[in-house]
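The structure appears below as structure tokens.
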Amino acid sequence: MLHAEQTIHADIHADVAVIGGGVVGHCIAWEARRSGRSVALIDDAPGQGASWAAAGMLAPVSELHYQEEDLLELMLEASGRWPAFAADLARAGAPDPGYLTTPTLAVGADAGDRRALMDLRSVQQANGLQVEPLTVREARARESLLSPAISCALEIAADHQVDPRKLVASLRELLSAHEPGAGSMVDGATGGFAVEDRAASLLWADGHVAGVKLARGGTILARETIVANGLHAASLEGLPEGLHLPLRPVYGDILRLAVPRHLRPLVTSTVRGLVHGVPVYLVPRQDGTVVIGATQREDGLSAGEGAAGAGAKSHAAVSAGGVYQLLRDAQVLVPAVSELELLESTARARPATPDNAPLLGRVPGIHGLIIATGFFRHGVLLAPAAAAICADLMDGQEDRRWEAMNPTRFSRTHPQKESV
Ligand SMILES: Cc1cc2nc3c(=O)[nH]c(=O)nc-3n(C[C@H](O)[C@H](O)[C@H](O)COP(=O)(O)OP(=O)(O)OC[C@H]3O[C@@H](n4cnc5c(N)ncnc54)[C@H](O)[C@@H]3O)c2cc1C
């Protein structure tokens, strides 16, 4: 690990500088390293942004929304990549990220919820996605603590899960295993390391992006710079003039609870419910805890930013109403929730865009710069696919399928070189 103070007098050279160490930045850094590139991953609070809160559902089917066909294609691509990505992590000796392929159960509380889930099923099926109805009896045979009063149950075989905190830790360990000695230069052939600082600005040379200026002094000189700092991407200094990254925070409250031994497992698969029209989910972890989430609010109930710096706030105060709603609705589906021990309530902002799709790709005409942000509700699912897309771009290959994610799609003017 390289601390900022060590970089003040020396520039770091790397093939790739990744700004932002959330799940997206870590996956990009690892993919770049696997392709033989040296990597500097810059973040002074790695893994503490939206990725800290995420439930880790890998859910292209349940997350289908009307008129988001382009996003669905990317979500299916991402979902298809997950098994190989997880296997590669294991082969590389990474600690287990808690990747599980147990099917998801979707359940409704009342007749209106059943209608809504069946309507959604029609849309899912029209898009070629598999959602199989179960009787309540069948669902309860699998999950004995489900309420007998639920109105319907559906099995979604393709929706899986990972533990995002473990995933970031796992990737970090892999990257640091390739870290050269602190203070040494990355030689351009191998190596990857974490720089504990913030990016203050993009560094420009001869009209192209040549790396990153660090907040506490020093620079990273890199052939490719990847802006992957989530919600904060828009406030990074030195972005190309005219590049408009319309990111907004959509806050989510989420809870972690311990399941007493006599109730384990509370549920064996992820249970996604609609309770009187309001979504709630329970995601079981292998350590005997369960995650219950998540609200979605844009009320600006945001707390101090802590280490996260200026710009839109990604850390937030937990909403009392949100906690109440989550516990109330989860109990409707699984009454034993009232017997759990509340360990943690967390709130973070999802980095949202106007069309809910990420800002992912090169900025035409600007060498050395790739944008990878705006992953909103799907960053964990999408991260391995985003990393592969970035690696292709660095290899000079552009897959036309992802044109709709172009980071310039909201810019009114053609982005020019460095803003002044
Ligand atoms: C409650 C909740 C539940 C969610 N559940 C799911 C889910 O089940 N499945 C799913 O796929 N997605 C889920 N998401 C969405 C997911 O968390 C995000 O899409 C994802 O974490 C985005 O990752 P990221 O790396 O882009 O951003 P972040 O995790 O926010 O990381 C950005 C990083 O950039 C760093 N940074 C900021 N500015 C700078 C700078 N100037 N220099 C250096 N570093 C900087 C920050 O410190 C931070 O570590 C959920 C989100 C929330 C809030």
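It should be emphasised that the depicted structure is a prediction, and the values quoted were computed from it without experimental measurement. All ligand and atom numbering here is 1-based and tracks the order in the structure.
For ligand 1, one of its N or O atoms has an N or O atom of L381 under 3.5 Å away. At least one N or O atom of A55, backbone or side chain, sits closer than 3.5 Å to an N or O atom of ligand 1. Of the N or O atoms in A50, one or more lie within a sub-3.5 Å distance of an N or O in ligand 1. Considering backbone and side-chain atoms alike, G252 places every N or O at 3.5 Å or more from each N or O of ligand 1. Taking any N or O of A45, backbone or side chain, at least one lies under 3.5 Å from an N or O belonging to ligand 1. Considering backbone and side-chain N/O atoms, R198 comes within less than 3.5 Å of an N/O atom of ligand 1. On a distance-only criterion, A349 and ligand 1 share no N/O pair closer than 3.5 Å. Taking distance alone, with nitrogen or oxygen atoms compared against 3.5 Å, H232 stays at or beyond that limit from ligand 1. Residue P46 places no N or O, backbone or side chain, under 3.5 Å from any N or O of ligand 1. Considering backbone and side-chain atoms together, V380 places an N or O closer than 3.5 Å to an N or O of ligand 1.
Heavy-atom contacts of Y281 reach the following atoms of ligand 1: 3 (C), 5 (N) (cutoff under 4.0 Å). Heavy-atom proximity to A54, at under 4.0 Å, picks out these atoms of ligand 1: 3 (C), 4 (C), 5 (N), 6 (C), 13 (C), 14 (N), 17 (O), 50 (C). Close approach of ligand 1 to F375 (heavy-atom distance below 4.0 Å) involves ligand atoms 19 (O). Here is the list of ligand 1 atoms found below 4.0 Å of a heavy atom in G47: 49 (O). With ligand atoms numbered from 1 in the order given, ligand 1 contributes 21 (O), 23 (O), 25 (O) to contacts under 4.0 Å with heavy atoms of V23.
Atom OH of residue Y281 and atom CD1 of residue I292 lie 10.5 Å apart, to the nearest 0.5 angstrom. To the nearest 0.5 Å, atom CG of residue L100 and atom CD of residue Q161 are 4.5 Å apart. Between D163 atom CG and T289 atom OG1 the span is 7.5 Å, to the nearest 0.5 Å. Atom CG of D44 and atom CZ of R198 lie 5.0 Å apart (nearest 0.5 Å). For the atom pair CG of L129 and CG of L72, the computed distance is 5.5 Å after rounding to the nearest 0.5 Å. Atom-to-atom distance recorded for L274:CG and L117:CG is 4.5 Å, nearest 0.5 angstrom.
The heavy atom nearest to atom 40 (C) of ligand 1, considering only G25, A199, A228, is found in A199. Taking only non-hydrogen atoms, the option from A383, G379, S51 nearest to atom 23 (O) of ligand 1 is S51. The closest heavy-atom contact to atom 35 (C) of ligand 1, among the options D43, V24, I254, comes from D43.
By the 6.0 Å contact criterion, CG on D206 is open, its count of non-hydrogen atoms from other residues, nucleotides or ligands being 12 or less.
Here M57 has heavy atoms under 4.0 Å from ligand 1 in both its backbone and its side chain. Contact annotation for F376 and ligand 1: only backbone heavy atoms (N, CA, C, O) come within less than 4.0 Å of the ligand. Here H26 has no heavy atoms under 4.0 Å from ligand 1, in either its backbone or its side chain. Contacts between I19 and ligand 1 below 4.0 angstrom, taking non-hydrogen atoms only, involve the side chain exclusively.
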From CA spacing to verdict: side chain to side chain donor-acceptor pair (under 3.5 Å), S269, E143: CA-CA 8 Å; S269 54; E143 303 291 355; 2.8 Å; yes
Could you pull out every donor-acceptor pair under 3.5 Å between side chains of residues 367-394 and any protein atom, sequence neighbours left out?
{"from": "T373", "atom 1": "OG1", "to": "G230", "atom 2": "O", "distance (Å)": "2.7"}
{"from": "R377", "atom 1": "NE", "to": "E63", "atom 2": "OE1", "distance (Å)": "2.9"}
{"from": "R377", "atom 1": "NH1", "to": "Q296", "atom 2": "OE1", "distance (Å)": "2.3"}
{"from": "R377", "atom 1": "NH2", "to": "E63", "atom 2": "OE1", "distance (Å)": "3.0"}
{"from": "R377", "atom 1": "NH2", "to": "E63", "atom 2": "OE2", "distance (Å)": "3.0"}

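D43 places none of its side-chain heavy atoms less than 4.5 Å from the side chain of E196.
Closest of all the heavy-atom pairs between A199 and L236 is O-CD1, 3.7 Å.
Partner V290 forms a side-chain contact (heavy atoms from CB on, under 4.5 Å) with one of L266, V271, V334 and no other, that one being L266.
Between H160 and Y99, the angle of the ring planes goes over 60°, which puts this pair in the perpendicular group of the 30/60° scheme.
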